[in-house]
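Everything on this sheet refers to the single structure shown next.
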Amino acid sequence: MESPQLHCILNSNNVACSFAVGASFLAFLSCLAFLVLDTQETHIADTRFKTAFQLLDLILAVLWAVVWFVGFSFLANQWQHSPPKEFLLGSSSAQAAIAFTFFSILVWASPQPSPSPDLPSPSQPSRRFLPTDIPGLPGIPGPPK
């Protein structure tokens, strides 16, 4: 008789499934926290706080890249040691979780975008762009004579 309990399909190791869910949830919460801080960054005048905020952002990105690398290695190892054909349902979910951890490494380790010097910062008033600002363009033609 089958047990009505849920089983982790990654080598029946509940730690593997708990790690995947827990790391994903904590990464989501940290992203939400930084999203809120990013929206408030224009209202922060203290440059020391801004520098500390950017340093914390970099440290967390490196930390999450390491966590996802360890998670990918652990989940792939548990999947490799799983008995074949033991669980007919859920194998695609396990493969998707392993793929998610692999691509999360790439996302968290990718360089962070920096503001372009050509774009105005939110603290600067925006200036209208006119076609006469393009070098080599003679200007806007007037009405026909």
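Values reported hereafter were calculated over all heavy atoms of this structure, with side chains retained and with hydrogens, waters and symmetry mates removed.
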(message) Show, in sequence, the C-alpha distance, side-chain angles and deciding distance for L60 and L63, and conclude whether the side chain to side chain contact (heavy atoms under 4.5 Å, CB included) test is met.
(response) CA-CA 5 Å; L60 279 178; L63 177 72; 4.0 Å; yes
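- Few gaps surround CZ on F74; more than 12 heavy atoms of other groups in view lie less than 6.0 Å from it.
- Of the possible polar contacts, one joining the N13 side chain to the V15 backbone as a donor-acceptor pair under 3.5 Å is found.
- Residue pairs satisfying the side-chain hydrogen bond (donor to acceptor under 3.5 Å, both in side chains) criterion with at least one member in residues 21-31, sequence neighbours excluded, are listed as follows: S30-W64.
- Residue pairs meeting the ring-ring contact (aromatic ring centres under 6.0 Å, His included) criterion with at least one partner in residues 17-55, sequence neighbours excluded, are F34-F53.
- Linking ILVMFWY residues whenever their side-chain heavy atoms come closer than 4.5 Å, directly or via other members, places I105 and L26 in the same cluster.
- There is no path of hydrophobic side-chain contacts, each under 4.5 Å, that joins L56 to V66.
- Separation of atoms CH2 (W68) and CZ (F102) is listed at 14.0 Å; rounding is to 0.5 Å.
- Under the 4.5 Å side-chain heavy-atom criterion for grouping Ile, Leu, Val, Met, Phe, Trp and Tyr, L10 is connected to F103 within one hydrophobic cluster.
- Residues satisfying the side-chain hydrogen bond (donor to acceptor under 3.5 Å, both in side chains) test with W79, not counting sequence neighbours, are none.
- Looking at T101, its side chain never comes within 3.5 Å of a backbone N or O of A20 through a donor-acceptor pair.
- In this structure, the separation between CD1 on I9 and OG on S92 is 7.5 Å, given to the nearest 0.5 Å.
- Rounding to the nearest 0.5 angstrom, the gap separating the CD1 atom in I98 from the CG atom in N77 is 10.0 Å.
- With values rounded to the nearest 0.5 angstrom, N14 atom CG is found 8.0 Å from S12 atom OG.
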